[in-house]
Structures are given as structure tokens and as C-alpha cells.
Amino acid sequence: NALTRRGRGLLVAFEGCDRSGKSTQCQMLVDYLKSTGRDVAHLCFPDRTTSIGKSINSYLQGTTELEDHAIHLLFSANRWEAVPKIKELIEKGTLVIMDRYAFSGVAFTAAKKGFDVKWCKNPDRGLPSPDVVFYLDISIKDAEMRGQFGEERYEKAEFQQRVADIYKQLRSDDWKVLDAMRDKNDIHMEIRSTLLEMEELCRDAPLKNLWT
Ligand code: TMP
Ligand code: MG
């Protein structure tokens with residue numbers, strides 16, 4: 001089929017506020033790609049299974065407290081520890097689909113008092129850069145109407161609004177902003193066709209490094 005090709009795999013990230021449908025779209029895309037026989041890997045950040053990830057998990061659940069700079073660096077370290085695997089997968093032609101990435105790292109910390117975007121970007125500078133970022137765009141009002149935010153740290157409307165404002169500052173040409181209020185199948189079809197275009201564009205280009 002059209003998605004079958006030789007050469008490196010694509011690095012794809014999904015970003016957005018809570019309740020934007022990010023994880024749903026991520027899963028729909030992974031399922032679709034698998035159904036076409038593509039080699040696909042589904043990664044989630046934070047990856048709560050590693051020892052760093054376990055510290056992050058207990059911080060998010062409120063079991064432990066961590067200083068704001070320290071937790072920022074742990075989130076970043078949790079991505080860096082995945083880099084050898086990501087590079088290996090991309091090299092062997094696997095499509096790597098990530099639910100959240102460094103943009104979450106920057107948006108959620110920079111939303112805190114006393115942090116600026118420039119400082120927040122630094123630890124993630126040089127990570128493999130996604131070929132495309134799908135941003136699920138939703139107003140915090142609409143997100144709230146989909147049901148209460150959860151119980152984890154950060155899942156409060158006021159904080160999410162600040163996160164959304166920072167995400168806006170991070171957008172670049174590699175981003176595909178999608179209206180998260182559209183029918184989820186329509187969104188999925190748009191993601192599919194964007195991915196096809198990206199595969200053509202990135203076929204011979206090496207992975208770039210983020211924010212360098
Ligand atoms: P999740 O709900 O997608 O598992 O993400 C957990 C929370 O962690 C979510 O509120 C976003 C936040 N987060 C950060 O603060 N920094 C990061 O680097 C990442 C990946 C997520
Ligand atoms: Mg969550």
C-alpha cells in the first residue's frame with residue numbers, strides 16, 4: 001500500500017491539553033497503521049515504567065513532592081533515556097508515534113510561576129525532533145464540558161489555560177493544528193493524509209535535532 005516504503009521511519013508526536021482527544025487519536029492512528037501491516041511503535045511520555053518514570057508517577061499522583069526544577073529535569077531525563085530506542089526504531093524504518101513529548105515538558109513547567117520558556121527548553125534541546133506534531137486544539141471550556149478533569153496534579157482548568165497559552169508560543173511549521181471539536185473520524189482521516197504527505201517529504205532527510 002501507499003504507506004509502505006523503504007528508508008527511515010517517521011517520528012510523530014501528539015500534543016494538546018487534557019481532554020483534547022490526543023490519546024484517542026494516537027491510538028486510532030496506531031491501530032490503523034498496524035492494520036496496514038506497518039511496523040509501528042507507540043510511546044507515551046511520561047513513560048511511567050522506568051525508575052525515573054516511577055518517580056514522576058508518584059509526583060503526578062500527589063504521593064510525593066518534588067521541587068519544580070527537579071521534576072522538570074526528571075520529565076526531560078525520561079525522554080532522553082528513550083532516545084537510543086527511538087533512534088534504533090527510526091533507523092529500521094519503524095513509525096514512532098508518541099503521546100506527548102518535549103512540548104508538554106515546556107508547556108507544563110512554563111505554566112508555573114517563575115519559569116520562562118527559554119529555561120524550560122534547555123534540557124530537551126538536541127532530542128530527536130518530530131517530523132510532525134499533531135496538536136489537538138480545544139478551548140478549556142470545551143475540554144471541561146467533556147467531563148471533569150481528573151485527579152492528578154495539573155488537572156485544573158486555570159492551569160490548563162496557561163498550558164494552552166504556552167503551547168501557542170511553541171508552534172512551528174512542523175505543527176499540524178487540528179480542531180479537536182470535529183468528529184473524531186474526520187480528525188483521524190486528516191491525520192492519515194498528513195502522514196502520507198510527510199512520508200514523501202521526509203523520505204531522504206535525516207532526523208533533525210530539536211531546538212538547535
Ligand atoms: P499523561 O496524562 O499524558 O500521562 O501526562 C501526565 C501529566 O504530566 C500531564 O498533566 C502532562 C504532564 N507532563 C509534564 O508536566 N511534563 C512532561 O514532560 C510530560 C511529558 C507531561
Ligand atoms: Mg493525564
Side-chain angles (χ1 to χ4, degrees), residues 11-30 41-83 85-86 96-130 133-138 140 142-144 146-171 175 180 210-211:
L11 188 59
V12 178
F14 280 80
E15 290 282 4
C17 291
D18 273 295
R19 305 250 164 223
S20 60
K22 177 174 44 64
S23 300
T24 303
Q25 286 300 331
C26 217
Q27 190 63 55
M28 283 171 85
L29 181 62
V30 168
H42 185 181
L43 310 185
C44 299
F45 293 108
D47 172 359
R48 304 187 192 216
T49 65
T50 68
S51 63
I52 294 169
K54 284 180 184 130
S55 302
I56 293 172
N57 184 53
S58 61
Y59 172 80
L60 288 171
Q61 296 191 342
T63 319
T64 55
E65 292 302 319
L66 278 165
E67 198 276 334
D68 288 328
H69 300 78
I71 183 63
H72 182 73
L73 296 174
L74 286 185
F75 273 114
S76 177
N78 186 236
R79 283 182 281 280
W80 280 106
E81 66 180 338
V83 167
K85 185 169 95 187
I86 291 173
V96 179
I97 314 292
M98 305 185 292
D99 191 340
R100 295 194 188 279
Y101 198 50
F103 313 97
S104 284
V106 174
F108 280 78
T109 300
K112 295 178 176 178
K113 284 203 174 61
F115 284 86
D116 63 59
V117 167
K118 192 169 172 239
W119 187 90
C120 293
K121 278 178 164 178
N122 265 327
D124 285 307
R125 211 178 286 281
L127 281 174
S129 185
V133 177
F134 291 111
Y135 182 75
L136 275 295
D137 194 22
I138 192 167
I140 301 307
D142 283 333
E144 268 189 305
R146 291 185 166 180
Q148 285 298 300
F149 287 121
E151 296 289 305
E152 286 200 325
R153 206 183 287 262
Y154 305 146
E155 296 185 317
K156 311 252 175 346
E158 196 197 342
F159 191 79
Q160 295 281 327
Q161 184 58 61
R162 291 210 293 278
V163 170
D165 294 341
I166 312 278
Y167 267 131
K168 269 209 183 104
Q169 298 178 41
L170 297 176
R171 286 180 193 177
W175 286 43
L210 190 62
W211 299 325

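Computed over heavy atoms, backbone and side chain alike; hydrogens, waters and symmetry mates excluded. Note that ligands are numbered from 1 as they come in the structure, with each ligand's atoms numbered from 1 the same way.
If you check which protein heavy atom lies closest to atom 3 (O) of ligand 1, you get Arg100 NE, 2.7 Å. In this structure, atom 15 (O) of ligand 1 lies nearest to the protein heavy atom Phe108 CB, 3.1 Å. Atom 14 (C) of ligand 1 has as its closest protein heavy atom Phe75 CZ, 3.3 Å.
Contact atoms of ligand 1 toward Leu60: 6 (C), 7 (C), 8 (O) (distance under 4.0 Å to a heavy atom of the residue). Under a 4.0 Å criterion applied to the non-hydrogen atoms of Phe45, ligand 1 contributes the atoms 20 (C). Of all atoms in ligand 1, listed by their number and element, those nearer than 4.0 Å to a heavy atom of Pro46 are 5 (O), 6 (C), 20 (C), 21 (C).
Between atom CG of residue Asp137 and atom CD of residue Glu15 there is a gap of 13.0 Å, rounded to the nearest 0.5 Å. Taking CZ from Phe159 and CZ from Phe108, the interatomic distance works out to 6.5 Å, rounded to the nearest 0.5 Å.
Contact analysis puts Arg79 in contact with ligand 1, with a non-hydrogen atom separation below 4.0 angstrom. Residue contact annotation: Glu155 has no non-hydrogen atom under 4.0 Å from ligand 1.
With respect to the salt-bridge test (charged N to carboxylate O, under 4.0 angstrom), the residues Glu155 and Arg19 do not qualify.
The aromatic rings of Phe45 and Tyr101 are tilted relative to each other, their planes meeting at an angle between 30° and 60°. Ring geometry for Phe103 versus Trp211: interplanar angle over 60°, hence perpendicular rather than tilted (30 to 60°).
The environment of CD in Glu67 is crowded: more than 12 heavy-atom neighbours from other residues, nucleotides or ligands sit within 6.0 Å.
Under the 4.5 Å side-chain criterion, counting only non-hydrogen atoms from C-beta, Lys54 is not in contact with Arg48.
Here atom 2 (O) of ligand 1 lies nearest to Arg48 when heavy atoms of Glu15, Gln160, Arg48 are compared.
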